[in-house]
Colleague: 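Below is a structure I'd like to ask you about.
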Amino acid sequence: MRDTDSLSPAQVDKIRRQLVSALASPAITHGLARTFRAALKEIELYKNHWTSRRQYPHGVTDLATSRIQIGGGNHRIAGFLNIDLVPPADLIWDVREGIPLADGTAEFVFSEHFLEHIDYPRSAKLFAREVHRILAPEGQVVTGVPDARFVLRGYLNGDQELFAEMLSRWYANRDCLDDFNTYLDLVNYVFRDQDDSAKYSPHYWAYDYDKLVNLFIEARFSRVEPWTFDPAIANPKRAWGSLYVIATK
Ligand SMILES: C[S@@+](CC[C@H](N)C(=O)[O-])C[C@H]1O[C@@H](n2cnc3c(N)ncnc32)[C@H](O)[C@@H]1O
C-alpha cells in the first residue's frame with residue numbers, strides 16, 4: 001500500500017467532527033453512542049498509525065534491531081524496539097496492520113497482555129504469521145496472556161478468595177466494580193472486557209496453553225513450550241494469573 005492510499009487527514013477529521021457532533025445530540029441512542037465512541041477511538045489510533053506509516057513508504061522501517069517488544073505500553077524494555085499503538089513506544093504502529101520489519105531480521109520478540117486485545121482470528125493469526133516472517137531461523141517469540149484456564153478453574157471451584165484477589169489485582173481501578181457481584185461477571189470481563197470507557201482497550205479473545213500452541217504451530221513455528229516468567233523482561237505485575245509460551249521458528 002502507498003501512503004497516498006491512506007484517508008487524508010482532512011477526511012479523517014471530517015468524520016471525527018461528525019461523530020463528535022452526533023454524540024452531542026440528545027436524540028442519540030445508547031447503542032449508536034457506544035459505536036461512535038469506539039469509532040472515535042479507532043480514528044485516534046488510525047491517525048497515530050499513519051503518522052508513523054508515512055515515514056516508511058514501503059511499510060518497512062529501517063530501525064536496526066533484533067529484539068522487539070510488541071504492546072508493551074508503559075512497560076518499555078531497554079535494548080528492545082518497543083512497538084505499540086500509543087506512546088511511549090519507540091515506534092507507534094498498529095500491529096493489526098502487520099509488523100514493519102524486514103524478513104528474518106529479528107532474534108527475539110516479546111509480548112505480554114497484548115494478544116487478547118486484538119481480534120481473533122484475523123489479527124491474532126496475522127500477528128503469529130508476521131512474527132514468524134520477521135524472525136531469523138531459530139528466532140523465538142514469547143507471548144503472555146491472562147490464563148483462561150486459571151480463571152475458569154476458580155469459577156468451577158467456586159473459589160471466592162480467588163475472585164476477590166483477581167478483582168483487586170486486575171480491576172481495582174475500574175469505575176464499574178459496583179456491578180461485579182458474581183464470579184461470572186469476572187469471567188465475562190476476562191473473556192470479553194467491553195468496558196465502555198476510552199481508558200481501557202477491550203479483550204477480544206481468551207487463551208489457554210492449547211490455543212497458544214495451536215496459534216503458533218499453525219503459523220509454522222517448529223515448537224512451542226511453556227516459558228518461565230523472567231522479571232528481567234516481563235512486567236512483574238503480570239507474574240500472577242498469566243500464561244506464557246515461547247515459540248521457536
Ligand atoms: C493491557 S496493555 C499491556 C501492556 C504491557 N504489555 C503490560 O503487560 O503491562 C495492552 C497494550 O497493547 C497495546 N496494543 C493493543 N492493540 C495494539 C495494536 N493493534 N498494535 C500495537 N499495540 C497494541 C496497547 O496500546 C497497550 O499498550
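Remember, it's 1-based here, ligands and their atoms both numbered in the order they're listed. The shown structure was predicted, so the numbers you read here are calculated from the model rather than taken from an experiment.
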Colleague: Verify side chain to side chain contact (heavy atoms under 4.5 Å, CB included) between F108 and I233, making sure each step is shown before the conclusion.
Modeller: CA-CA 12 Å; F108 184 68; I233 302 176; 4.1 Å; yes
Colleague: Is the distance from the ring center of F229 to that of W240 below 6.0 Å?
Modeller: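 No, the ring of F229 stays outside the 6.0 Å limit from the ring of W240, centre to centre.
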Colleague: Taking the six-membered ring for Trp, are Y204 and H117 closer than 6.0 Å centroid to centroid?
Modeller: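 Not under 6.0 Å, so no.
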Colleague: Please tabulate, line by line, the atom pairs linking an N/O of ligand 1 to a protein N/O at a distance below 3.5 Å, with the distance in Å to 0.1, or answer 'none'.
Modeller:
from     : atom 1 : to   : atom 2 : distance (Å)
ligand 1 : 6 (N)  : G71  : O      : 2.8
ligand 1 : 6 (N)  : E112 : O      : 2.8
ligand 1 : 8 (O)  : R238 : NE     : 2.7
ligand 1 : 8 (O)  : R238 : NH2    : 3.3
ligand 1 : 9 (O)  : N235 : ND2    : 2.9
ligand 1 : 9 (O)  : R238 : NE     : 3.4
ligand 1 : 9 (O)  : R238 : NH2    : 3.1
ligand 1 : 19 (N) : D94  : OD1    : 2.8
ligand 1 : 20 (N) : V95  : N      : 3.0
ligand 1 : 22 (N) : L85  : N      : 3.3
ligand 1 : 25 (O) : D84  : OD1    : 2.6
ligand 1 : 27 (O) : G73  : N      : 3.4
ligand 1 : 27 (O) : D84  : OD1    : 3.3
ligand 1 : 27 (O) : D84  : OD2    : 2.8

Colleague: Ring centroid separation for Y189 and Y171, is it under 6.0 angstrom?
Modeller: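 Yes: the rings meet the under 6.0 Å criterion.
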Colleague: Say whether E112 and Y244, considering side chains only, have a donor N or O and an acceptor N or O under 3.5 Å apart.
Modeller: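 Yes, a side-chain donor-acceptor pair sits under 3.5 Å.
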Colleague: Do F163 and Y155 have ring centroids that are under 6.0 Å from one another?
Modeller: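 When the ring centroids of Y155 and F163 are compared, they turn out to be at least 6.0 Å apart.
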